[in-house]
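Heavy atoms only: backbone and side chains are in, while hydrogens, waters and symmetry mates are out. We count residues from 1, following the sequence as given.
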Amino acid sequence: LRVFTTRPDTLFGVTFVSLAPEHPLLDRLLPKVSPEKRNELMTFIEKVAKTDPARRIAENFEKEGAATGAYCLHPFTGARIPIFVANFVVMEYGTGAVMAVPCHDERDFAFAKKYALPIRLVIQPPNLEIVEEEELDEAYTGPGTLVRSTRFDGLDNEVAKIQIVKALVEKKMGEKAITYRLRDWGISRQRYWGAPIPMIHCENCDIVPVPRKDLPVKLPSDVPLTGTGGSPLEHAPSFLKVKCPQCGKPGRRDTDTMDTFMESSWYFLRYCSPKYKKGMADPKAVQYWMPVDQYIGGIEHAILHLLYSRFIARVLRDFKKGDVSEPFSRLLTQGMVIKDGDKMSKSKGNVVDPDYLIDKYGADTVRLFSLFAAPAEKDLDWSDQGVEGAFRFLDRLWRFVLNINDACQKSKPVDDATIRADETTVHIHRLTHKTIQHVTDSLNRFAFNTGISAVMEFINKVANEIPDLWEFSTHPDKANSLDPARRFVLQKAAEAAMSLTSPFAPHIAEELWKRCGRGKFLSKEAWPTFDPQWVADERVTIVVQVNGKVRGKIEVSRGEKENAVVALAQGDPNVQRFMQGMTVRKTVVVPDKLVNLVVG
């Protein structure tokens, strides 16, 4: 079984192998399994066959697979490695078989977690001793030193790549190779709308390019659109018939037009100089504005449009039309809307009428739900109940802000010392600053759903701290009992709730801002900032390891001195059980995170 990998340094971390559903090996394996297992595998393979290949290799695509019941042998250790068929492996890339290293690959990590497969760490991160795989929340894909890799232990992983490949070659069990995830791009389309392909067909000279002086070739306006198929340009004699520029004999124009991806592969360059008349784009303007900071597109763009844009950018670079080797700095591949188990589209008849939803709930509710229901890069499962939930949250936000405003609109600033005099007031103020930090980070990462969730959680926690909050408007006596510090922090909490909600539900946020007596539009206000001193927890939990294995956890003050942290770690009863009769040879401390006691 041949596999292709770009990470030979992780070879000893392989815990399973993934095959593309189209892999020819499956034809040999299927007859050898039980009828029940064969039906299970065939059902899965047929399901994947109906899925767009572009979606299968997208990072946000749900990883699924099935065990074949077969095993292969590890080339160095001889260990039996289970073989799975997986939907995210395609025959067009590499060999259609992938060695899975869940500890050091995000796709494999998600797959292993889903199917409870082993996770084995073999690249040790810098400044950390071996960690327990069970403690990992994500794959470690960074650099480090090899561990648990027999004779390659201790090597830098980049050096190990070379050494392991060399060893495989010597064993005649592997070789160096280069592979490209490229496909031919057929740019011609049999339709009227598109850029004409500037070629002339001549019986005498074959295919001849249109002379530069006759460019651009323009689409004619007298084309009969018959709806019978084929290119309409074939039925436009004024366009079709032309002399061969090479021999002068009768010829005919190419009647295909270019794929619209051709134009969309460079349109962004035109934005740099939209009034430039000497060519596609002004090279100086391109040099100034490019590359694009953030590109956002659908799944099909990740391997098609994005790749084509890179081709065109390099061609223009080589022709001195702007030195842009990479047109886009960052890519966000957005998910699709799914309803009733299928992609929402007019052709499938499963669309939701936005006018009905806006009339019933308002535009902000629909917008909020769409952003909250899934991460931007994942598919969104449409849910009518979810829309109702978004509507209820905005109602809660409305009451939260206006109740606080009624009670605290005359509040005056107080210093930190005054705020720290009361535990509840401190907690509310810290929640406000932490939520500002959380939402700001979420927006920077396009994680809109976690930003909205943070605001929802914030309102609930503040309301739990002040149960009378919902009655401030109807019971002035409860509002009047608030001290100056609490009035101040509650007002700041309400301001934060409005500001942090505004990117997701701008209309209701603006209306609340106005009702609270603010002068300018909220959208023209500066984005709220957080104070690092109020964000930091005063206590932190530190993991304690003995010889790289987690044996306990301790809680200490943030920034506690190293010797005090080590003493607390050694004093933990569970940690002491694993140190009995041994001497501490070395201590490794990662401030506010980890203590590892190396004993022997």
Is the number of heavy atoms from other residues, nucleotides or ligands under 6.0 Å of [X] [atom1] greater than 12?
| X | atom1 | answer |
| --- | --- | --- |
| Tyr288 | OH | no |
| Tyr267 | OH | yes |
| Arg445 | CZ | yes |

Has [X] got a side-chain atom pairing as donor or acceptor with [Y]'s backbone, closer than 3.5 angstrom?
| X | Y | result |
| --- | --- | --- |
| Arg120 | Val14 | no |
| Arg253 | Ile197 | no |
| Asp214 | Val210 | no |
| Arg367 | Phe504 | yes |
| Ser188 | Met258 | no |
| Lys37 | Ala67 | yes |
| His104 | Tyr140 | yes |
| Tyr192 | Pro220 | yes |
| His74 | Thr15 | no |
| Asp381 | Ala373 | no |

In terms of side-chain heavy atoms, does [X] have a donor or acceptor partner in [Y] at a distance below 3.5 Å?
| X | Y | result |
| --- | --- | --- |
| Glu510 | Ser523 | yes |
| Asp222 | Ser238 | yes |
| Trp193 | Thr257 | no |

Query raised in the report: Quick one: is the NZ or CZ of Arg330 closer than 6.0 Å to the six-membered ring centre of Tyr295, and within 45° of its axis?
Result: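 So Arg330 doesn't make the cation-pi contact.
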Report task. Report the C-alpha distance between Phe268 and Phe328 in whole Å, list the side-chain angles of each, state the deciding distance to 0.1 Å, and finish with yes or no for ring-ring contact (aromatic ring centres under 6.0 Å, His included). Result -> CA-CA 10 Å; Phe268 44 85; Phe328 311 117; 5.0 Å; yes
Query raised in the report: Do the two ring centres, one from Trp382 and one from Phe369, sit under 6.0 Å apart?
Result: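 Yes: the rings meet the under 6.0 Å criterion.
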Query raised in the report: Can we call the ring centroids of Phe76 and Phe12 under 6.0 Å apart?
Result: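 So the answer is yes for these two rings.
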Are [X] and [Y] ion-paired here, with the side-chain N under 4.0 Å from a carboxylate O?
| X | Y | answer |
| --- | --- | --- |
| Lys249 | Glu203 | no |
| Lys63 | Glu106 | no |
| Asp282 | Lys284 | no |
| Lys113 | Glu138 | no |
| Lys47 | Glu64 | yes |
| Glu326 | Arg314 | yes |

Query raised in the report: Name the one of Glu263, Met262, Arg317 that satisfies side chain to side chain contact (heavy atoms under 4.5 Å, CB included) with Ile312?
Result: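 The option that passes is Met262.
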Inter-residue atom distance [X].[atom1] - [Y].[atom2], 0.5 Å rounding:
| X | Y | atom1 | atom2 | result |
| --- | --- | --- | --- | --- |
| Ile83 | Cys72 | CD1 | SG | 4.5 Å |
| Leu1 | Leu19 | CG | CG | 6.0 Å |
| Thr68 | Leu30 | OG1 | CG | 9.0 Å |
| Ile200 | Lys243 | CD1 | NZ | 12.0 Å |
| Ile164 | Leu146 | CD1 | CG | 5.5 Å |

Requested in this report: Kindly indicate, with the supporting measurements, whether the criterion side chain to side chain contact (heavy atoms under 4.5 Å, CB included) is fulfilled by Asn449 and Leu371.
Outcome: CA-CA 6 Å; Asn449 60 318; Leu371 295 172; over 6 Å; no
Query raised in the report: Is there a side-chain hydrogen bond (donor to acceptor under 3.5 Å, both in side chains) between Trp266 and Ser309 once you walk through the steps?
Result: CA-CA 6 Å; Trp266 68 272; Ser309 297; over 6 Å; no
**Report entry** Verdict with reasoning, Thr501 to Ile452, per side chain to side chain contact (heavy atoms under 4.5 Å, CB included)
**Finding:** CA-CA 7 Å; Thr501 304; Ile452 295 168; over 6 Å; no
Query raised in the report: Would you say the side chain of Thr51 lies within less than 4.5 Å of the side chain of Asn87, judging by non-hydrogen atoms?
Result: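 With C-beta onward as the side chain, the pair stays apart.
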Query raised in the report: With a 4.5 Å limit on heavy-atom distance, are the side chains of Phe4 and Thr6 in contact?
Result: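 Of all side-chain heavy-atom pairs linking Thr6 with Phe4, at least one is under 4.5 Å.
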Requested in this report: Would you please name every residue forming a salt bridge (Lys or Arg N to Asp or Glu O under 4.0 Å) with Glu22, sequence neighbours left out?
Outcome: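 Per chain and number, Glu22 pairs via salt bridge (Lys or Arg N to Asp or Glu O under 4.0 Å) with Arg56.
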Query - Contact list for residues 16-52, test ring-ring contact (aromatic ring centres under 6.0 Å, His included), sequence neighbours left out - result: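 Pairs touching residues 16-52 that pass the test: Phe16-Phe84, Phe16-Phe111.
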